[in-house]
Amino acid sequence: MQLYKSQTLKVYNSLTGKKEVFKPINEGHIGMYVCGPTVYSNVHLGNCRTFMSFDMIFRYLKHLGYKVRYVRNITDAGHLVDDAEDGEDKIAKKARLEQLEPMEVVQRYTVDFHNILEKFNFLPPSIEPTATGHIIEQIEIIKEILDKGYAYEINGSVYFDVKKFNESHDYGKLSGRKLEDMIANTRELAAQDDKRSPQDFALWKKAEPQHIMRWPSPWGDGFPGWHLECTAMSTKYLGETFDIHGGGMDLKFPHHECEIAQSEASHGHSPVNYWLHANMLTLNGKKMAKSTGNNILPGEIFSGENKILSKAFSPSVVRFFMMQAHYTSILDLSNDALLASEKGYGKLMDAIETLKGLDTGTSSDFQILEWKQQCYDAMNDDFNTPILIANLFEAVKHINLIKEGKETITNEDKELLTQVINAFVFDVLGLENKSMGANDSSKLSGVVELLIELRNDARANKDFATSDKIRDQLTALGIQLKDGKEGTTFSVS
RNA sequence: GGCAUCGUGGCCGAGUGGCUAGGCGCAGCUCUGCAAAAGCUUGUACAGCGGUUCGAAUCCGCUCGAUGCCUCCA
């Protein structure tokens, strides 16, 4: 039997503002769409957090036995740099600045994006479609919206008529905005453009002669509006209504609001049952911004080449750090916080190593089944990874007590514990055991075992000068010796 | 200016109308030749001011502060 039949998953739906029992449209199957990156520069860490949250969600849904089609797009066209006047595409602008073909920019940063995600141990999505690969689908949707009367064409561009749409639909229901308020608060300096009202947004933009990214359309050469690709691609691969749509909080308005409007206008019904929004990452309590220098790239964390952190941190440690916070909370990254996570991560991994070699007995002091359900309860409560991790540390405590001979565990329970802990740590949280222990390279392991033996001989002879020299020099090399009841083990940092 | 979210102990970060979150750090103890590791024990909280309640950090109001959105943005 699939796990989802016995576990009740609840998710926080941004659309209703409530935690709701999750029920897919087709039993056993889930369609999930997440807004991916615009590939005009290196992915920054905040981006990674959002995608990591949905990677974890994807992993847990799969763990529960669902068949998930996870679509995460690559935006390689369509996002405007400024509003009306030059109408220049972000990608095109970067291409001009770097003297590259637009697709060269796209390729470079797509590769960077994939590299970083791989380091973070992301699962690849089921489909990773690009905006430029779906121009035809986007044009089709524009036609439908025009046919239904919710858009107008002017000077080779097509705009979505928000006011008209709002007469029969609720524009703003996701972000809790009222069109009247938006109109009242419109800034004065709205530049000259063809829009009937500032709230309207472009479905198709006419390309000026110098604009290098352009496609033919019924309205002339141009390029698609910046919200349309997600509607086109989610509809194509997941259908007109699908289960989960995710993205960063900052996309709630206007991006996701516009997606809803486009879908409702063209298809006549709401596109998504559960809207999930991942929250922002701040750096030292402030928002990340290139302009202020309060910014860090994932690669700079892994290499340690940055001015913000005292040392390098591995992708797994960063992942563990992010999993220690709930995905809907703002998370603040700082040196102290990463340092603390690194220690905790090491403790967890050490315990998983210890578990392998644990002696078993005739009874268990640790109620594994009860604990196991607590782990599921945590994840079922809107993917509460911090609580899951707290539960994992409960297990760590027992593992260490058993190792010290203060508690016992049966063989059967040990196997169950191993299975559950591996499932949650590696499959669901997506952590990797990069801190090698004795299972690392056998040569290193052999050498350290030899040194441990020599040290123990020295200790037996009360030659503490020699034994301390071995221990201290190994420590200096990053190899920590751990004396226990059952002998000495080591870990490499 | 408008909308939204949030404000927890030395740091990070869960949660909740009355019952230990957890990690890191600090202190004491056990173990150790000494340490480290591990275990045990302990302290320091719920932004401020009012209100609802038998009882609120948890609900309501106000104030202050932070973050996000309102223009592309995970």
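All values below were derived from every heavy atom in this structure, side-chain atoms included, with hydrogens, water molecules and symmetry-related copies excluded. Naming: A, B, ... by sequence-line order, numbering from 1 per chain. Since we're looking at a predicted model, the values are computed, not measured.
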With sugar-phosphate meaning primed atoms plus P, OP1 and OP2, does A:D472 contact a base, only sugar-phosphate, or nothing at under 4.0 Å between heavy atoms? nothing
Once you round it to whole Å, what is the distance between P of B:C72 and CH2 of A:W226? 6 Å
Begin from the C-alpha positions of A:D76 and A:T132 and carry the test side chain to side chain donor-acceptor pair (under 3.5 Å) through to its verdict. CA-CA 6 Å; A:D76 55 356; A:T132 55; 2.6 Å; yes
Base B:G25 to side chain A:D336, donor-acceptor N/O within 3.5 Å cut-off: no
Identify which nucleotide among B:A36, B:A14, B:G39 has an atom closest to any side-chain atom of A:I387, counting heavy atoms from C-beta outward. B:A14
Here's a test of your reading of the structure: between A:F393 and A:N279, which maps to the more 5' nucleotide of RNA chain B? A:F393
Applying side-chain contact (heavy atoms from CB on, under 4.5 Å), run through A:H245 and A:E259 and close with a yes or a no. CA-CA 11 Å; A:H245 190 128; A:E259 273 190 59; 2.8 Å; yes
Could you tell me whether A:G46 contacts a base, only the sugar-phosphate backbone, or nothing, with contacts defined as non-hydrogen atoms closer than 4.0 Å? base
Answer yes or no for A:R72 and A:F54: cation-pi contact, defined as NZ/CZ to six-membered ring centre under 6.0 Å and angle to ring axis within 45°. no
Classify the nucleic acid contact of A:R49 as base, sugar-phosphate or nothing, counting any heavy atom under 4.0 Å across all strands shown. nothing
Without decimals, in angstroms, what is the distance between A:N400 CG and B:U30 C1'? 15 Å
Grab the NZ-C1' distance between A:K406 and B:A37 for me, whole Å please. 12 Å
Which one, B:G13, B:A74, B:A38, comes nearest to the side chain of A:P386? B:G13
Taking 4.0 Å as the cut-off, does a side-chain nitrogen or oxygen of A:K252 come that near to OP1 or OP2 on B:C3? no
Assign A:H277 to base, sugar-phosphate, or nothing according to its heavy-atom contacts below 4.0 angstrom with the strands shown. nothing
I'd like the P distance from B:G50 over to B:U44, given in whole Å. 24 Å
For B:G51 and B:U58, measure between their C1' atoms and round to the nearest Å. 15 Å
Distance check needed: B:G23 P versus A:L339 CG, whole Å only. 17 Å
Closest approach to the side chain of A:D250, judged atom by atom: which nucleotide of B:A21, B:G68, B:G23 is it? B:G68
Do A:H277 and A:H256 make the cut of ring centroids closer than 6.0 angstrom? yes
Ranking B:C73, B:G15, B:C34 by distance to the side chain of A:R455, first place goes to B:C34
Between A:K462 and A:Q480, the residue closer to the 5' end of RNA chain B by nearest nucleotide is A:K462
Stem ranges for RNA chain B, with three or more consecutive Watson-Crick or G-U pairs under 3.5 Å? B:1-7 with B:64-70, B:10-12 with B:22-24, B:27-30 with B:38-41, B:47-51 with B:59-63
Closest approach to the side chain of A:K343, judged atom by atom: which nucleotide of B:A37, B:C70, B:A38 is it? B:A37
Pairwise P distance for B:A35 and B:C29, with rounding to whole Å: 11 Å
With the side chain defined as heavy atoms from C-beta on, A:F253 is closest, among B:C70, B:A38, B:G22, to B:C70
Measuring from the side chain of A:L331 (C-beta onward, heavy atoms only), which nucleotide among B:G13, B:C34, B:A74 has the closest atom? B:G13
Phosphate contact (B:A38 OP1 or OP2) by A:K347 side-chain N/O below 4.0 Å: no
Taking the P atom in each of B:G15 and B:C59, what is the distance between them to the nearest angstrom? 12 Å
Between B:A14 and A:S329, is there an OP1 or OP2 to side-chain N/O distance shorter than 4.0 Å? yes
Pick the P atom in B:C73 and in B:U16, then give their distance to the nearest Å. 33 Å
Does A:T38 have a side-chain nitrogen or oxygen under 4.0 Å from the phosphate oxygens OP1 or OP2 of B:A74? yes
Counting the atoms with a prime plus P, OP1 and OP2 as sugar-phosphate, which does A:K397 contact under 4.0 Å by heavy atoms, base, sugar-phosphate, or nothing? sugar-phosphate
Closest heavy-atom pair, A:A337 versus A:F321, reported as atoms and distance to 0.1 Å, is CB-CE1, 3.6 Å
Closest approach to the side chain of A:A325, judged atom by atom: which nucleotide of B:A14, B:A36, B:C69 is it? B:A14
The ring-ring contact (aromatic ring centres under 6.0 Å, His included) partner of A:F120 among A:F320, A:F302, A:F113 is A:F302
Mind checking A:L333 for me? I need base, sugar-phosphate or nothing, with any heavy atom below 4.0 Å counting as a touch. nothing
Stacked cation flag A:K311 on A:F313, 6.0 angstrom / 45 deg: yes
Taking it one step at a time, do A:D382 and A:Y327 satisfy side chain to side chain donor-acceptor pair (under 3.5 Å)? CA-CA 9 Å; A:D382 196 28; A:Y327 78 96; 2.8 Å; yes
Distance, C1' atom - from B:C3 to B:G9, rounded to whole angstrom: 33 Å
Residue among A:F366, A:F393, A:W371 satisfying ring-ring contact (aromatic ring centres under 6.0 Å, His included) with A:H398: A:F366
Any chance NZ of A:K469 has more than 12 other-residue heavy atoms, nucleotides or ligands included, within less than 6.0 Å? no
Check the phosphate of B:G15 against A:N384, side-chain N and O only, distance under 4.0 Å to OP1 or OP2. Yes or no? yes
Polar pair under 3.5 Å, donor/acceptor by atom type, side chain A:R471, base B:A35: yes
Tell me the interatomic distance from A:N391, atom CG, to B:G13, atom P, rounded to whole angstroms. 20 Å
Rounded distance (Å) that lies between atom P of B:C73 and atom CZ of A:F51: 12 Å
Whole-Å distance between B:A74 P and A:M32 CE? 17 Å
Does A:F122 form a side-chain contact (heavy atoms from CB on, under 4.5 Å) with A:R319? I'd like the steps, not just the answer. CA-CA 10 Å; A:F122 276 57; A:R319 186 167 182 123; 3.9 Å; yes
A:Q324 side chain: which of B:C69, B:G22, B:A36 is closest? B:G22
Among B:C40, B:C34, B:A36, the one nearest any side-chain atom of A:D468 is B:C34
When rounded to the nearest Å, what value does the distance between P atoms of B:G17 and B:A36 take? 42 Å
Whole angstrom value for the distance that separates P of B:G15 from CE of A:M379: 13 Å
Could you give the distance separating B:C11 and B:C46 at their C1' atoms, to the nearest angstrom? 16 Å
Using a 4.0 Å heavy-atom cut-off, does A:G36 contact any base of the nucleic acid, only the sugar-phosphate backbone, or nothing at all? sugar-phosphate
